[in-house]
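Notes for the one structure printed next.
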Amino acid sequence: MKTFFVLLLFTICIFPQDRTMNLRGYDIELGMDMMQVWEKLKSGFNVVEDEDSSFYISDKNNEPIGVIEFRNEVAVRIIKDWGTTTKSNVGQVFKILWNILKQYEKDLDATKLIPIETYTEKGSKYSMLIYLAENRFLEINIQHSVTILEVLEEPIN
């Protein structure tokens with residue numbers, strides 16, 4: 001596993017800044033207003049809006065697809081849920097990562113890996129951020145399960 005991350009560090013590069021993420025066939029762009037996003041997603045998915053004006057999106061089987069966060073009714077962060085597994089299936093986790101990185105291979109040059117340890121009352125939680133671009137990264141959370149999220153957000157100036 002260490003070899004994989006060392007190879008990943010040296011062989012992956014930064015993807016040019018992008019503003020669009022595809023959520024199961026629907027392109028959502030940073031800067032879209034809330035009504036545009038609602039019109040795109042309302043017929044194909046379950047969409048729940050919380051009190052902070054974030055859309056939580058799931059399919060008809062209630063499997064999570066992602067979250068879109070809004071500020072002043074404009075999309076500023078898109079999170080795509082690539083899946084969570086409670087099984088220790090290294091092959092499945094590797095295949096998901098490979099599929100994500102394969103999408104960006106033509107534009108990859110180098111990447112930035114950031115290991116993160118979060119302390120909670122229940123113990124430590126480990127995650128890793130893999131930056132694909134200045135405003136796009138993968139967040140891999142590992143504890144009792146493995147969750148892989150792709151995050152696209154407005155750059156902070």
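- Atom-to-atom distance recorded for Ile100:CD1 and Lys102:NZ is 14.0 Å, nearest 0.5 angstrom.
- In this structure, Ser43 and Lys60 approach most closely via the heavy-atom pair O-NZ, 4.0 Å.
- Using a 4.5 Å cut-off between side-chain heavy atoms of Ile, Leu, Val, Met, Phe, Trp and Tyr, with links allowed through other members, Ile116 and Leu149 fall into the same hydrophobic cluster.
- Taken together through direct or relayed side-chain contacts under 4.5 Å among Ile, Leu, Val, Met, Phe, Trp and Tyr, Leu23 and Phe45 form part of one hydrophobic cluster.
- You'll find the side chain of Asn135 reaches within 4.5 Å of the side chain of Leu30, heavy atoms only.
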Going through the distances and angles, do Ile28 and Leu152 end up as a side-chain contact (heavy atoms from CB on, under 4.5 Å)?
-> CA-CA 10 Å; Ile28 306 300; Leu152 176 64; over 6 Å; no
Would Arg136 and Tyr131 count as a side-chain contact (heavy atoms from CB on, under 4.5 Å) if you check the C-alpha gap in whole Å, the side-chain angles of each, and the deciding distance to 0.1 Å?
-> CA-CA 6 Å; Arg136 183 183 298 263; Tyr131 275 84; over 6 Å; no
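- The same ILVMFWY cluster, assembled from side-chain heavy atoms under 4.5 Å apart, contains both Val47 and Met21.
- The CD1 atom of Ile57 sits 11.5 Å away from the OH atom of Tyr26 when rounded to the nearest 0.5 Å.
- Within the 4.5 Å cutoff, the side chain of Glu49 has no heavy atoms near those of the Ser54 side chain.
- Residues Leu41 and Met35 share a single hydrophobic cluster, defined by chaining ILVMFWY side chains whose heavy atoms lie under 4.5 Å apart.
- Looking only at atom types and distance, the side chain of Asn46 has no donor-acceptor partner in the side chain of Asp59 under 3.5 Å away.
- Applying the side-chain hydrogen bond (donor to acceptor under 3.5 Å, both in side chains) test to Asp33 and every residue at least two apart in sequence or in another chain returns nothing.
- Sorted by first and then second residue, the salt bridge (Lys or Arg N to Asp or Glu O under 4.0 Å) pairs involving residues 61-77 (not counting sequence neighbours) are Glu69-Arg77, Arg77-Glu153.
- Within 6.0 Å of the CG atom in Asn99, the count of heavy atoms belonging to other residues, nucleotides or ligands exceeds 12.
- Taking both residues in full, the closest heavy atoms of Arg24 and Pro64 are given as NH2-O, 4.4 Å, listed atom of the first, atom of the second, then distance.
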Step by step, would you call Ile140 with Leu97 a side-chain contact (heavy atoms from CB on, under 4.5 Å)?
-> CA-CA 9 Å; Ile140 304 164; Leu97 288 173; 3.4 Å; yes
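- Ile78 and Trp82 fall into different hydrophobic clusters, defined by Ile, Leu, Val, Met, Phe, Trp and Tyr side-chain heavy atoms under 4.5 Å apart, directly or through other members.
- To the nearest 0.5 Å, atom CZ of residue Phe70 and atom CH2 of residue Trp38 are 10.0 Å apart.
- With values rounded to the nearest 0.5 angstrom, Ile65 atom CD1 is found 9.0 Å from Asp81 atom CG.
- Rounding to the nearest 0.5 angstrom, the gap separating the CG atom in Asp18 from the CD atom in Glu29 is 8.5 Å.
- To the nearest 0.5 angstrom, Ile68 atom CD1 is 12.0 Å from Lys80 atom NZ.
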Could you go step by step and tell me if Met128 and Glu139 meet the side-chain contact (heavy atoms from CB on, under 4.5 Å) rule?
-> CA-CA 6 Å; Met128 182 178 301; Glu139 181 177 346; over 6 Å; no
